[in-house]
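Below: one structure, written as structure tokens.
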Protein chains: 2
Amino acid sequence: MSKIPQATAKRLPLYYRFLNNLNHQGKKRVSSKELSEAVKVDSATIRRDFSYFGALGKKGYGYNVEYLLGFFRKTLDQDELTDVALIGVGNLGTAFLHYNFLKNNNIQIKMAFDADEEKVGTKIGEVPVYHINDMEEKMTGVKVAILTIPASEADGITNRLVDQGITGILNFTPARITVPGHIRVHHIDLAVELQALVYFLKHYPLTKED
Amino acid sequence: MSKIPQATAKRLPLYYRFLNNLNHQGKKRVSSKELSEAVKVDSATIRRDFSYFGALGKKGYGYNVEYLLGFFRKTLDQDELTDVALIGVGNLGTAFLHYNFLKNNNIQIKMAFDADEEKVGTKIGEVPVYHINDMEEKMTGVKVAILTIPASEADGITNRLVDQGITGILNFTPARITVPGHIRVHHIDLAVELQALVYFLKHYPLTKED
DNA sequence: AATAAGTCGTGAGCAATTTCACAATATTAT
DNA sequence: ATAATATTGTGAAATTGCTCACGACTTATT
């Protein structure tokens with residue numbers, strides 16, 4: 001279906017955002033070296049990444065910002081809007097709701113769910129909060145969910161999402177949820193990230209570069 | 001210094017947490033296959049990961065949970081406490097402050113900083129909030145920081161942290177901060193993670209297994 | 001005791017990713 | 001025009017990580 005390496009695919013949204021920044025700053029051209037300094041990715045890696053999409057740059061010149069941006073807009077389906085539901089309106093969930101994804105993105109958090117009656121019926125950052133009991137009813141058509149609930153709730157909610165027909169879950173709970181093979185789950189484990197950083201600091205001390 | 005592959009090192013905190021769970025459940029032994037199902041990592045990968053630390057298991061038996069846990073406690077320096085400062089007490093920062101790292105971890109968020117006078121002087125989840133102006137003064141001895149501030153503040157605060165003598169930063173802002181080569185920065189970009197998930201869903205549809 | 005079943009640790013191969021390094025080409029300066 | 005400088009795109013090599021598959025050993029069963 002797609003020949004783009006996964007490692008490359010993960011960097012695309014990052015490139016896209018920085019190109020957008022450059023464009024807003026009025027910059028007309030950019031070299032892989034400049035972009036490398038901005039996004040902290042090796043310049044050869046950037047050139048390689050771009051090359052999977054064809055020859056987007058010009059030798060001796062670099063890349064035309066506007067052209068590149070337009071290309072990525074199409075490639076990343078920035079025109080096509082993806083609706084997302086957020087489950088769990090705690091602090092982490094609220095942080096997501098306040099993030100204005102629509103500004104530079106193709107993603108819209110359309111609705112949120114929580115069990116707290118005080119939150120149900122309110123809007124947070126334009127996003128309506130419904131009761132978790134109404135999840136299946138309200139979520140028709142929404143295929144992606146962000147899970148920002150307590151770990152103890154993870155399995156139960158996951159099963160309900162699976163039954164409802166979800167295709168992708170961004171899981172922020174420390175639980176490693178189990179789903180059928182056709183559903184994609186990305187785990188982001190904040191505690192693990194912090195522990196990994198500390199481990200690296202102790203065991204892989206940096207001396208000069210990188 | 002260490003021969004442990006970075007990919008392995010990143011999985012260690014995850015293994016540690018699940019072993020802790022098993023231990024609390026009273027489980028005495030565990031096989032790489034069982035652990036694999038729990039943490040969603042291939043069992044051969046788990047055995048390979050463990051093997052970097054020597055022969056920790058027994059053929060035909062599996063791993064002794066208590067022994068393995070004790071081993072990792074030492075390896076991951078779970079006995080040695082690492083103090084961390086959190087900069088930016090917004091929703092995301094607050095989520096971190098409520099996370100009880102001390103429970104299973106070697107990490108303690110010791111203090112938080114914010115510019116909002118209403119927050120200064122309060123405690124959130126036992127962690128005192130100080131004014132951002134007092135950062136250098138209060139942070140003596142703290143070498144790790146979590147950055148949960150607006151992107152526009154990232155560069156300024158980063159420079160102050162660098163001058164103060166930081167060694168590691170967990171950066172949640174969308175900005176890619178610039179630091180001297182001896183300082184380790186891990187970026188977690190929530191918007192990019194969500195966009196990457198959506199990209200994968202569209203371009204790398206799953207059919208049966210993983 | 002003997003057999004069957006379970007499980008580790010790892011050699012070897014494979015796959016993915018990164019990086020080097022340079023020919024080709026474009027731009028800029030003189 | 002010419003030379004100097006900049007920068008891409010990519011073959012090839014290097015690095016990193018993952019998985020298979022199996023010998024060796026342990027435990028459980030009969």
Exercise. Evaluate the side-chain proximity of A:Val185 to A:Leu170: yes if any heavy-atom separation is below 4.5 Å, no if none is.
Key: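 The answer is no, as the side chains (C-beta and beyond) never meet within the 4.5 Å cut-off.
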Quiz item: What do the steps show when you test A:Ile177 against B:Lys40 for side chain to side chain contact (heavy atoms under 4.5 Å, CB included), and what is the final call?
Solution: CA-CA 9 Å; A:Ile177 58 182; B:Lys40 315 291 180 197; over 6 Å; no
Quiz item: More than 12 foreign heavy atoms under 6.0 Å from CD of A:Gln6: is that the case here?
Solution: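 For A:Gln6, atom CD is crowded (more than 12 foreign heavy atoms under 6.0 Å).
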Quiz item: Do other residues, nucleotides or ligands put more than 12 heavy atoms under 6.0 Å from B:Lys33 NZ?
Solution: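 For B:Lys33, atom NZ is not crowded (no more than 12 foreign heavy atoms under 6.0 Å).
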Exercise. Just say parallel, tilted or perpendicular for the rings of B:Phe96 and B:Phe172, cut-offs at 30° and 60°.
Key: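 Geometry flag for B:Phe172 against B:Phe96: perpendicular rings.
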Nearest-neighbour nucleotide for the [X] side chain, [options] considered:
X	options	answer
B:Ser51	C:dT27, C:dT18, C:dG9	C:dG9
A:Tyr61	D:dC18, C:dT27, C:dC8	C:dT27
A:Ser31	C:dT19, D:dT7, C:dT7	D:dT7

Distances for protein N/O vs nucleotides 12-16 of chain D N/O pairs under 3.5 angstrom?
{"residue": "D:dA12", "atom": "N6", "partner": "A:Arg48", "partner atom": "NH2", "Å": "2.9"}

Quiz item: Would you say the side-chain atoms of A:Glu66 pair up with the backbone N or O of A:Asn23, donor to acceptor, closer than 3.5 Å?
Solution: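 Flag not set: sc A:Glu66 to bb A:Asn23 has no pair under 3.5 Å.
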Self-check item: Backbone of B:Gly165 reached by a side-chain donor or acceptor of B:Lys143 within 3.5 Å
Solution: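 A pair under 3.5 Å: yes.
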Practice problem: Scan B:Ser32 against the nucleic acid and name what it touches under 4.0 Å (heavy atoms): base, sugar-phosphate only, or nothing. | Solution: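 Sugar-phosphate, no base atom in range.
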Quiz item: Which is true for A:Tyr63 with a 4.0 Å heavy-atom rule: it touches a base, it touches only sugar-phosphate, or it touches nothing?
Solution: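 The answer is sugar-phosphate, as A:Tyr63 gets under 4.0 Å only of primed atoms, P, OP1 or OP2.
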Self-check item: Nearest-nucleotide comparison on DNA chain C, the residue closer to the 5′ end among A:Tyr52 and A:Gly60
Solution: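 With A:Tyr52 and A:Gly60 compared, the 5'-side residue is A:Tyr52.
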Quiz item: Hey, which of these two, B:Ala55 or A:Ala44, hits DNA chain C nearer its 5' end, going by closest nucleotide?
Solution: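 Residue closer to the 5' terminus by nearest nucleotide: B:Ala55.
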Expressed as a whole number of angstroms, how long is the span from [X]:[atom1] to [N]:[atom2]?
X	N	atom1	atom2	result
B:Lys33	D:dA21	NZ	P	17 Å
A:Lys40	C:dT18	NZ	P	18 Å
B:Asp42	C:dA15	CG	C1'	14 Å
A:Arg47	C:dA26	CZ	C1'	15 Å
B:Leu56	C:dT7	CG	C1'	14 Å
A:Arg29	D:dA6	CZ	P	11 Å
B:Arg11	D:dG17	CZ	P	8 Å
B:Ile46	D:dG17	CD1	P	17 Å

Exercise. Output all residues satisfying ring-ring contact (aromatic ring centres under 6.0 Å, His included) with B:Tyr63, sequence neighbours left out; order by chain, then residue number.
Key: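 With sequence neighbours excluded, B:Tyr63 shows a ring-ring contact (aromatic ring centres under 6.0 Å, His included) to B:Phe50, given in chain and number order.
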Exercise. Using only side-chain N and O atoms of B:Lys58, determine if any of them is under 4.0 Å from OP1 or OP2 of D:dT27.
Key: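 For D:dT27, OP1/OP2 do have a side-chain N/O of B:Lys58 under 4.0 Å.
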Self-check item: Side-chain N or O of A:Thr45 closer than 4.0 Å to phosphate OP1/OP2 of C:dT18
Solution: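 So the side-chain polar atoms of A:Thr45 never come under 4.0 Å of the phosphate oxygens OP1 or OP2 of C:dT18.
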Quiz item: For residues 64-72 of chain B, which residues have at least one heavy atom under 4.0 Å from DNA chain D?
Solution: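 Listed by number, there are none.
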Quiz item: Is the NZ or CZ atom of A:Arg184 positioned over B:Phe200's six-membered ring, under 6.0 angstrom from the centre and within 45° of the axis?
Solution: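 Because its charged atom misses either the 6.0 Å distance or the 45° angle limit, A:Arg184 does not stack over B:Phe200.
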Quiz item: Any luck finding a side-chain donor-acceptor pair between A:His186 and A:Asn171 under 3.5 Å?
Solution: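 Result is no, nothing qualifies.
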